[in-house]
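Below you'll find the structure, written out as structure tokens, and then a few comments.
Please read all numbers here as calculations on a predicted model, not as lab measurements. Per chain, numbering begins at 1; letters A, B, ... match sequence-line order.
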Amino acid sequence: MKFDVQHLDQKWQAYWKEHKTYRTLNQTDKPKYYVLDMFPYPSGSGLHVGHPLGYIGSDIVARYWRQAGYNVLHPMGFDAFGLPAEQYAIDTGVHPSESTAVNTARYREQMERLGLSFDWDRSVNTSDPNYFKWTQWIIGEVFDHWYDRTADKARPIAELVEHLERQGTDGLDAAQTEPLSLTAAEFAEMGEKQRSDVLMNYRLAFRSVSYVNWCEALGTVLANDEVKDGRSERGNHPVEQRPMLQWSLRITAYAERLLAGLDEVDYSEGLKAQQLNWIGKSTGALVHFDIKGHDGKLDIFTTRPDTIYGTTFMVIAPEHDLVHTLTTEDQRTIIDEYLDYVGRRSELDRMSENRVTGAFTGAYAINPFNKAEVPIYIAEYVLKDYGTGAIMAVPSDDDRDKRFAQKFGIDIVDVVDKTDYPGATLKDKVGRIINSDFMNGMEVPEAIDAATERIEAMGRGERQINYRIRDLVFSRQRYWGEPWPIEYDEQDIPHRVPTADLPVELPEMDDFRAVNGASPLERATDWIQHGDRRRETDTMPATAGSNWYYLRYMDPNNDGAFVGTDAVDYWQDVDLYVGGAEHAVSHILYSRLIHKFLYDLGKVPTREPYKKLLNQGMIGGPISYIHLGILLTDDGQRHPVWVSSDTAEGSPLEVPGIGKGHLVLDESTGRRLTPLRFVTETSVNNESSFRLYHTDVEEAQRLDHQDAAYFRTILQQGAAFAWSLDKEGRQYLELSAEQGKMSKRKYNAVNPDDICNRYGADCFRMYEMFLGPIDQAKPWSVSGIDGVYRFLRRFWNMFVGDGDRLRVSDDEPSREELKVLHTLIKKVTEDIEKLSFNTCVSAFMVASNDLIKLKCNKRAVLEPMVRLIAPFAPHLSEELYRALGGTESVHYAAWPEFEERHLVEDSITYPIAFNGKTRLTLDFPVEASRQDIEASARADAQVQVYLEGKAVRKVIVVPKRMVNFVVG
RNA sequence: GCCGCUAUGGCGGAAUUGGUAGACGCGCUGGAUUCAAAAUCCAGUUCCUUCGGGAGUGUGGGUUCGAUUCCCACUGGCGGUACCA
């Protein structure tokens with residue numbers, strides 16, 4: 001048997017595939033363990049070395065629990081609907097389903113190359129009709145339910161209809177779009193269409209006009225998390241707010257439960273904080289202000305009712321319904337101008353400038369407490385969608401209100417005395433109330449309660465809780481997504497497509513462009529007309545399929561339900577969920593929402609989908625640049641020349657083929673991206689250095705792939721190279737480099753296949769784990785991978801001697817050898833459970849180093865080591881395990897058991913410190929008492945040297961730990 | 001601005017409830033082997049040093065016999081979020 005990693009990888013990967021080694025069954029008496037990876041979107045650029053970090057970690061965990069005797073579910077699939085495939089289709093004419101199939105196959109190949117123990121028989125693909133049939137079914141269920149706040153759960157729409165027929169909205173506490181008040185009689189008189197509109201106000205999947213993030217360039221609506229800094233995350237196009245008729249999911253109904261659920265799960269504090277933030281709960285009061293000369297009231301939400309006496313003006317959002325009613329004749333021009341200005345402002349303008357703007361409506365509100373008349377303004381800093389879209393402005397106690405008041409010359413009345421709280425900002429809810437009648441002298445929290453009670457007693461409002469989270473816009477005017485399972489009748493009443501008619505498949509099309517915000521599906525007229533009904537043409541966002549996929553893996557081929565009851569009762573929930581931190585908020589939150597909805601329906605047994613969450617760190621790579629300068633030759637000619645990054649302006653240069661001159665850097669010079677594959681990373685004077693070698697330039701001229709083609713066009717921009725020579729006499733240019741996220745566009749993605757082909761999958765797996773804690777971001781660097789490779793070979797050589805023959809003996813292991821083994825078992829077992837994989841790799845190295853020193857070749861020690869390393873190095877361990885006589889796969893071989901007795905020592909080495917500084921160590925028997933240790937230590941000759949001429953004030957002895965002499 | 005994470009040799013990183021800081025690996029230095037190189041093996045490698053020792057875990061303070069670990073204040077880096085009333 002030879003240490004030939006390529007051969008071992010191929011041999012065992014083929015074996016596992018053929019024998020379906022990783023197939024998981026639902027019928028078993030073993031306990032379950034469910035390890036899930038966030039499934040990838042199969043992009044055209046394939047996997048880079050950043051992706052597998054999480055996959056390897058979860059694979060180790062899966063293999064560990066499998067060996068520990070659990071029935072492990074460890075599946076992988078594809079989040080295959082999405083914009084890039086559609087954009088690619090628009091650009092190239094290749095149908096999204098074709099490019100998706102190609103990319104999916106490539107991803108799977110790459111994952112198989114890593115030796116990941118996925119059960120591919122359970123793989124899912126969100127764009128597969130057999131899958132999205134159930135995505136549509138779930139959304140149909142959401143459409144068919146409303147949220148009963150009294151029962152605190154979703155209930156069928158039919159039960160709402162019964163309630164409305166029986167008693168109207170009386171006694172109804174439901175999550176809703178607009179507050180509605182109806183009697184049973186009124187409801188009874190309604191026609192079908194009117195009733196449908198009423199129900200739409202309550203449905204958990206509902207259609208309404210909402211302000212959405214409209215992206216003109218992509219021709220679609222984007223979710224909040226798809227927008228970054230006022231531009232689309234994908235493609236970086238401008239985004240504006242636009243009112244549109246859209247389908248939404250009523251996530252706000254679940255806000256409180258999504259918050260409460262965070263206490264049940266094992267997520268990092270940081271992640272919980274992000275979710276908390278996103279939901280953004282704030283407690284305050286809804287207050288009605290009368291409007292001078294109007295019948296209507298102005299409702300505002302405030303978290304600081306205690307400051308109501310400091311209200312010197314009101315602000316309503318420019319989009320507020322009352323703007324036109326309130327505006328007086330003489331202010332109309334000013335208001336119209338302002339509205340016009342706001343309409344022209346994009347989200348990006350608003351955020352980047354952050355200036356104080358607004359306009360006076362001419363109307364006045366009346367403060368319910370002191371009857372003061374306060375002017376009503378409109379201003380863009382008040383948002384239509386938060387609270388009531390109107391505020392009472394208290395410039396003395398709010399930064400934005402203060403800036404506004406200063407700009408518009410409005411009075412400021414102090415109502416909170418903060419002198420007792422030095423350093424407190426206006427945001428802190430502390431201080432003593434002044435100038436506020438009955439609240440004077442109260443501390444802020446007390447005053448908030450008092451004011452709220454008074455407001456309620458006066459019938460002027462009520463206690464209210466507000467959430468920052470918005471309902472989830474769930475419509476996309478795009479092709480490559482699940483069609484909404486909705487059809488409209490001739491009265492334009494939406495109906496759910498019956499389960500028997502699912503899935504609603506996409507029509508065949510060859511032009512996927514959206515025009516003027518209309519879905520490309522609008523052009524599929526044959527498809528739209530379905531009998532006497534008209535199909536909905538909006539599709540769902542990418543998050544639709546990924547919200548519930550963890551359930552489908554439990555029972556992927558069930559065609560009678562999204563998941564079978566038996567399957568979900570057995571698998572319950574995900575024990576460990578591993579994925580990138582970029583999905584920490586939206587994806588997790590949305591799938592928690594769907595899970596809670598399904599829980600209300602009694603379809604899943606647990607309240608939360610993911611018990612424990614691990615966010616792997618991002619792996620960055622060097623982005624390197626080659627520098628272009630101008631060679632000004634002695635004859636006055638200018639030649640663009642490639643130079644080292646450290647070549648200074650004015651340096652004399654002699655370039656072969658051009659001649660002598662000196663370097664000029666001007667605006668036409670600069671740096672050009674250099675594909676990482678042509679860059680050599682070396683270490684010079686302990687500093688990392690990136691070089692472009694002459695041989696690599698030659699290679700770039702020869703090679704026939706995208707990076708090389710790009711690089712050739714770049715290199716044509718320079719006439720010649722001002723090479724430097726290294727120690728070996730090879731020509732090179734020094735490059736500059738910075739760290740950045742791996743991406744195809746930056747030409748710095750490293751393909752895991754390349755590493756596996758060179759070092760083997762086991763080495764790649766262990767090296768990625770060895771880089772550091774899995775949850776921390778780190779730069780990719782191959783320096784160090786040789787160390788892991790050397791370790792694996794040394795490990796192998798413990799088993800296999802000269803002549804490639806097994807050299808394991810059946811002799812009794814020594815005490816020392818057993819101690820090494822059991823130290824390792826303890827460490828690896830504990831660290832896998834802590835998800836500390838880097839320290840496991842170190843522990844294997846330490847144990848091997850120790851055993852090699854002991855010249856150990858005992859089966860009783862080495863065989864358990866093979867079982868221990870199996871999760872990390874599945875190929876090599878499988879080979880060794882079979883060679884040692886194992887008949888079934890090592891990946892089902894029992895996890896070695898730790899025995900404390902092998903770690904028991906006769907004596908313990910104590911550090912001896914003087915005033916906390918360790919000076920020497922001494923050995924004492926394990927059972928030595930505090931007194932014995934102190935006496936023997938004092939008697940020690942070396943100790944006496946340190947104690948000479950000093951008074952011992954105190955001796956600290958911690959048995960089994962250390963001794964400290966306090967001297968003075 | 002707010003929230004979260006983070007800071008340890010030339011580098012990646014390790015260190016149990018506060019108890020020998022720098023495990024393990026890379027790199028580097030020296031040696032063995034070799035015609036030579038690669039590979040492999042052995043030894044050394046935090047810094048300073050007058051070779052006695054001294055300093056040292058982003059900075060400044062504190063608690064403690066003892067602090068990388070706990071507390072307070074600050075600084076840098078990364079991520080999230082953004083006029084949220």
With Watson-Crick and G-U wobble geometry limited to distances under 3.5 Å, how should the secondary structure of RNA chain B be encoded in dot-bracket form, using | for bases paired to another strand and [ ] for crossing pairs?
-> (((((((..(((......[....)))((((((.......))))))(((....)))..(((((..]....))))))))))))....

Base, sugar-phosphate, or nothing for A:Asn964, non-hydrogen atoms under 4.0 angstrom?
-> base

Indicate, with a heavy-atom threshold strictly under 4.0 Å, whether A:Thr918 touches base, sugar-phosphate, or nothing.
-> sugar-phosphate

Atom pair distance, as rounded to whole Å: NZ in A:Lys272 and P in B:C5 | 13 Å

Whole-Å gap separating C1' (B:C65) and NZ (A:Lys954) = 5 Å

Whole-Å distance between B:G25 C1' and A:Met766 CE?
-> 12 Å

Quick one: are the ring centres of A:Tyr767 and A:Tyr759 less than 6.0 Å apart?
-> no

Residue among A:Val315, A:Leu339, A:Leu322 satisfying side-chain contact (heavy atoms from CB on, under 4.5 Å) with A:Ile378 | A:Leu339

Check whether any side-chain N or O of A:Lys281 sits under 3.5 Å from a backbone N or O of A:Ile279 as a donor-acceptor pair, and report yes or no.
-> no

Closest listed nucleotide, where the reference is the side chain of A:Tyr381 and the choices are B:C83, B:A82, B:G12 | B:C83

Closest listed nucleotide, where the reference is the side chain of A:Lys827 and the choices are B:A85, B:G56, B:A15 | B:A15

Taking atom C1' in both B:C42 and B:G56, what distance in whole Å separates the two?
-> 30 Å

Just call it for A:Thr839: base, sugar-phosphate, or nothing, with non-hydrogen atoms closer than 4.0 Å on any strand.
-> sugar-phosphate

Is it the case that more than 12 heavy atoms not belonging to A:Arg794 sit under 6.0 Å from its CZ atom?
-> yes

Take atom CD1 of A:Ile912 and atom C1' of B:C65, then tell me their distance rounded to the nearest Å.
-> 14 Å

Taking the same atom, P, in B:G53 and in B:C74, what whole-Å distance lies between them?
-> 42 Å

Would you indicate what A:Ser282 reaches in the nucleic acid, counting non-hydrogen atoms under 4.0 angstrom: base, sugar-phosphate, or nothing?
-> sugar-phosphate

For A:Arg400 and B:C84, is the shortest distance between a side-chain N/O and OP1 or OP2 below 4.0 Å?
-> yes

Between B:U40, B:C5, B:C84, which nucleotide has the shortest distance from any of its atoms to the side chain of A:Glu269?
-> B:C5

How close or far is atom C1' of B:A39 from atom CZ of A:Arg790, stated in whole angstroms?
-> 9 Å

Taking the nucleotide of RNA chain B with the closest heavy atom to each, which residue, A:Ala390 or A:Asp831, is nearer the 5' end?
-> A:Asp831

Roughly how far apart, to the nearest Å, are B:U57 and B:G61 at atom P?
-> 12 Å

Are A:Phe408 and A:Phe313 close enough that their ring centers fall under 6.0 Å?
-> no

Starting at the 5' end of RNA chain B, which residue's closest nucleotide do you reach first, A:Ser842 or A:Tyr910?
-> A:Tyr910

Take atom C1' in B:A23 and the same atom in B:U68, then report the distance between them in whole Å.
-> 15 Å

Of all the nucleotides listed (B:A85, B:U20, B:C24), which has the minimum atom distance to the side chain of A:Tyr386?
-> B:A85

Whole-angstrom distance between B:G13 and B:G66, as gauged at atom P | 32 Å

Determine the contact category for A:Asn849: base if any of its heavy atoms lies under 4.0 Å from a base atom, sugar-phosphate if only primed atoms, P, OP1 or OP2 are that close, otherwise nothing.
-> sugar-phosphate

Mind checking A:Val846 for me? I need base, sugar-phosphate or nothing, with any heavy atom below 4.0 Å counting as a touch.
-> sugar-phosphate

Inter-nucleotide C1' distance (B:G10, B:G27), Å rounded | 8 Å

Remember a base hit wins even if backbone is also touched, and classify A:Pro773 as base, sugar-phosphate or nothing at under 4.0 Å, heavy atoms.
-> sugar-phosphate

Syn/anti state for B:G52 [syn: chi within 90° of 0] | syn

In whole angstroms, how far is the P atom of B:A39 from the CG atom of A:Leu792?
-> 17 Å

Is the side chain of A:Asn367 donor-acceptor paired with the backbone N or O of A:Ile308 at a distance under 3.5 Å, no angle test?
-> yes

Between the side chain of A:Asn748 and the main-chain N/O of A:Ser624, is any donor-acceptor distance below 3.5 Å?
-> no

If we take the C1' atom in both B:U46 and B:A21, what is their distance in whole Å?
-> 10 Å

Is a donor on one side and an acceptor on the other found under 3.5 Å between the side chain of A:Asp471 and the backbone of A:Thr252?
-> yes

Does A:Arg919 put a side-chain nitrogen or oxygen below 4.0 Å from OP1 or OP2 of B:G54?
-> yes

For the side chain of A:Val966, starting at C-beta, report the closest nucleotide among B:C24, B:A39, B:C65.
-> B:C65

Check the angle between the aromatic planes of A:Phe795 and A:Phe791 and answer parallel, tilted or perpendicular using the 30° and 60° thresholds.
-> tilted

What distance, rounded to whole Å, do you find between the two C1' atoms, one in B:U33 and one in B:U69?
-> 46 Å

Could you work out which one of B:A82, B:G13, B:A39 sits closest to the side chain of A:Gln776?
-> B:G13

Is B:G9 syn or is it anti, if syn means the base angle is within 90 degrees of 0?
-> syn

With the side chain of A:Phe301 defined as its heavy atoms from C-beta on, choose the nearest nucleotide among B:U81, B:A85, B:C83.
-> B:A85

In whole angstroms, how far is the P atom of B:A82 from the CD atom of A:Glu380?
-> 16 Å

Atom-pair distance (CD on A:Glu768; C1' on B:G12), nearest Å = 13 Å

Hey, does A:Asn466 reach any base, or is it just sugar-phosphate, or nothing, if we go heavy atoms under 4.0 Å?
-> nothing

Ignoring hydrogens and angles, tell me if any N or O in the side chain of A:Tyr946 forms a donor-acceptor pair with the backbone of A:Ala913 under 3.5 Å.
-> no

Under 4.0 angstrom between A:Asn277 side-chain N/O and B:G4 OP1 or OP2 = no

Sugar-phosphate, base or nothing in reach of A:Leu771, heavy atoms under 4.0 Å | sugar-phosphate

Counting heavy atoms not belonging to A:Lys272, are there more than 12 under 6.0 Å from its NZ?
-> yes

